Asks: 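Take a look at this one; I'll ask things after.
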2 protein chains.
Amino acid sequence: MDPRALETLRAVRTQGGVTAAADVLHLTPSAVSQQVAVLARDVGVALTERVGRGLRLTPAGEALADAALDVAVALERAQAACDGFLAAPRGTVRVSAFASAAQLFLPRLLSRVPHGVDVECADEDVAQADFVGLTDRIDIVVAHRPDGAGSWGDRVRVVPLLREPLDVAVPTGHRLAGQETVHPAELAGEAWISVREGFPISTVLAAVAAASGTEPRIVHRINDFHVASSLVAAGHGVSLLPRHSHGGGEGVRLLPLTGVRAGRRIDALLRPDRAERLVVRSVLDELCALAAEIDG
Amino acid sequence: MDPRALETLRAVRTQGGVTAAADVLHLTPSAVSQQVAVLARDVGVALTERVGRGLRLTPAGEALADAALDVAVALERAQAACDGFLAAPRGTVRVSAFASAAQLFLPRLLSRVPHGVDVECADEDVAQADFVGLTDRIDIVVAHRPDGAGSWGDRVRVVPLLREPLDVAVPTGHRLAGQETVHPAELAGEAWISVREGFPISTVLAAVAAASGTEPRIVHRINDFHVASSLVAAGHGVSLLPRHSHGGGEGVRLLPLTGVRAGRRIDALLRPDRAERLVVRSVLDELCALAAEIDG
DNA sequence: CCGACGATGTAGCGTGGCTGCATGGATCCC
DNA sequence: GGGATCCATGCAGCCACGCTACATCGTCGG
């Protein structure tokens, strides 16, 4: 019952395959396959079953993968118990954030981390369903989800950072630009600039449009808010942009929505075992404090 | 952070030394020493310190050993999670009991265990302080302690099996043999047959004697209740014997004590990680049921 | 002061796990 | 429908890690 093999099994589950698991574990697919084979032989139950050209975990495999998480947590706790006797937390922490949050958080986070702690940043913008998978490669994943969307599941630790309202961005010359707020009904017929399918904000737009009673007319799908903002400024449509992290832009006016609650939640996602590491905790604490500052 | 090394560290603590730990782990002292050395190098803190010609754990070592227990528990839970998908629990369980409990429990326990489960019995009669250490070698340790004695510590799981009154054993020709019960005051001046220093019942005798107001006159120290019973029968003294497991004897009469609560508790001691094993649980359940039968 | 005990280094061997490559299915797409 | 592709899995070979055996050093008892 090798913890490394258990970790490998978990990776196979979360990454959805041997090859993908091998990727995050920095191993060859062969090694991964052998590890789960040995594991299955040890416990005497099949842990995986072929499905198509891939595989999935059997119920026993699922149960073992769940238990593997507790093993990993216990091991990290053991490590932390010793690190507590050292002077200060040291080590490197990998942090990722989707583009706009990266701009909002990462520069200020980097200037806050104490000496001896290395923070490796990355901007990872993935579809909603893929944020959790990132936690295998990255210690702290800053992710976002629309208000009221389902949670991230019970296999990751979720630390809420911020709730950010989504405003309607219109060009300064727009017929609505003079208003202080805007109601969904006033937006019927507008040309919308949304994000790619599956990305967090797209469902919010659908909800806003539903409140206006009409199907939204989406003319562009742009993930980068800077680009979207520029397109809005140039009069190519209106868009939903986050109030704090829209990336700023000339020629654009943000109008808070009334009559409908539109916003996104920004959460930090961590694997429970990684969350036990003292270095990770220290960086996470800074991130939370930073979020509190921004919110306040 | 190898779980095997963590287990080794725990063994060094409970067994009180490298050599003793190597013994229960079936390793050479050199291997044990190397494992803790590597572990200490990994975490960057000294885990042990020399004291005399032996060693003891540093505070960090203690903390890590505590955490190691949780790791072991998590690993066994993982194993159990898979075993739950197998038909029935299989494997071998080592059970030990002190002599009189061995006679009381083991024969009936062996005839109760389900097929596929091997129970390896041993009669281990050790001093009170050494019962806990046995759990490193043996899955279920049946131990006893006097009423009101301190607990076994928080590093072992304790399952109470039975409370057994201790009666005064007198020869059938004794002046008190005709009575139904006996009071401590009536026992002043008697010659006592006790057990070796440090063994569970000796403190109870001290308590009984204290109730009679006199120092007990101990003329023999016999651990085996059969031998003690024979000596009583032959008129060489009186003794405190457990009501159910005294081993039977001709020419001896057991008188319940009044005015003082004299008894011993019989507990099953398990390492928390071993307690997670399904086979162990099944045997333990049988043992509890057996104890309930005897008690009732 | 010598003998015994207990922990710790060192050399050498064996085993276990990983890489690289080849194989066997299953799916996609033209 | 058939070739190309992707994915998991066997197999040989190599490397490294951990154990044993033996030697050494320090400490306690007689």
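For the numbers below, each heavy atom of this structure counts, side chains included, while hydrogens, waters and symmetry mates do not. Below, read A as the first sequence line, B as the second, and so on, with proteins coming before strands; counting in each chain starts at 1. Everything numeric here is computed off the predicted structure, so don't read it as measured data.
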Asks: Could you walk me through whether A/Asp123 and A/Leu106 pass the side chain to side chain contact (heavy atoms under 4.5 Å, CB included) test, one step at a time?
Replies: CA-CA 9 Å; A/Asp123 60 328; A/Leu106 298 187; 5.7 Å; no
Asks: Which two nucleotides bound the region of DNA chain D that has atoms under 4.0 Å from heavy atoms of chain A, read 5' to 3'?
Replies: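 Span of nucleotides near chain A: D/dT5 to D/dC11.
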Asks: Taking side chain as C-beta onward, heavy atoms only, is B/Gln128 less than 4.5 Å from B/Trp152?
Replies: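 With C-beta onward as the side chain, the pair touches.
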Asks: Taking it one step at a time, do B/Arg264 and B/Ser100 satisfy side-chain hydrogen bond (donor to acceptor under 3.5 Å, both in side chains)?
Replies: CA-CA 12 Å; B/Arg264 62 171 180 182; B/Ser100 55; 3.2 Å; yes
Asks: Find out whether A/Leu75 and B/Leu6 are in side-chain contact, i.e. whether some heavy atom of one side chain is under 4.5 Å from a heavy atom of the other.
Replies: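 In short, these two side chains touch, coming nearer than 4.5 Å.
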Asks: Where each residue is assigned the nucleotide of DNA chain C containing its nearest heavy atom, which of A/Val51 and A/Ala31 is assigned the position nearer the 5′ end?
Replies: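 Its nearest nucleotide being more 5', the pick is A/Ala31.
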Asks: Between the side chains of B/Gln15 and B/Asp23, is a donor N or O closer than 3.5 angstrom to an acceptor N or O?
Replies: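 The criterion, which ignores hydrogens and geometry beyond distance, is not satisfied for B/Asp23 and B/Gln15.
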Asks: What is the distance, to the nearest angstrom, from the CZ atom on A/Arg56 to the P atom on C/dA26?
Replies: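 It works out to 14 Å between those atoms.
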Asks: Scan nucleotides 3-9 of chain C against the protein and return all N/O pairs shorter than 3.5 Å with their distances rounded to 0.1 Å.
Replies:
residue : atom : partner : partner atom : Å
C/dC5   : O2   : B/Arg53 : NH1          : 3.4
C/dA7   : OP1  : B/Val18 : N            : 2.7
C/dA7   : OP2  : B/Thr19 : N            : 2.8
C/dA7   : OP2  : B/Thr19 : OG1          : 2.2
C/dT8   : OP2  : B/Ser33 : OG           : 2.8
C/dT8   : O5'  : B/Ser33 : OG           : 3.3
C/dG9   : O6   : B/Ser30 : OG           : 2.9

Asks: Report yes if the side chains of A/Asp267 and A/Arg145 come closer than 4.5 Å at any heavy-atom pair, otherwise no.
Replies: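 Yes, their side chains come closer than 4.5 Å.
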Asks: Name the atoms and distances for all side-chain donor-acceptor pairs under 3.5 Å in residues 59-72 of chain B, with sequence neighbours left out.
Replies:
residue : atom : partner : partner atom : Å
B/Glu62 : OE1  : B/Arg13 : NH1          : 2.8
B/Asp66 : OD1  : B/Arg13 : NH1          : 3.1
B/Asp66 : OD1  : B/Arg13 : NH2          : 3.1

Asks: With sequence neighbours excluded, give me every ring pair (Phe, Tyr, Trp, His ring centres under 6.0 Å) pair touching residues 76-99 of chain B.
Replies: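 Pairs touching residues 76-99 of chain B that pass the test: B/Phe98-B/His144.
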Asks: Whole Å only: how far is the CG atom of A/Leu27 from the C1' atom of C/dT19?
Replies: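 The distance from CG of A/Leu27 to C1' of C/dT19 comes to 10 Å, rounded to the nearest Å.
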Asks: Could you tell me which non-hydrogen atom of B/Arg4 sits nearest to which non-hydrogen atom of B/Gln35, and how far apart they are?
Replies: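 Between these two residues, the closest heavy atoms are O-OE1, 3.6 Å.
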Asks: What is the separation between atom CG on A/Asp42 and atom P on C/dG16, rounded to the nearest whole Å?
Replies: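 Going from A/Asp42 (CG) to C/dG16 (P), I get 11 Å.
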Asks: Only distances under 3.5 Å count here; give the side-chain donor-acceptor pairs of residues 40-53 of chain A to other protein atoms, sequence neighbours excluded, each with its distance to 0.1 Å.
Replies:
residue : atom : partner : partner atom : Å
A/Glu49 : OE2  : A/Arg56 : NE           : 3.0
A/Glu49 : OE2  : A/Arg56 : NH2          : 3.4
A/Arg50 : NE   : A/Gly54 : O            : 3.3

Asks: Between the opening five pairs and the closing five pairs of the helix from C/dC1-D/dG30 to C/dC30-D/dG1, how far apart are the helix axes, to 10°?
Replies: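 Angle reported: 30°, given to the nearest ten degrees.
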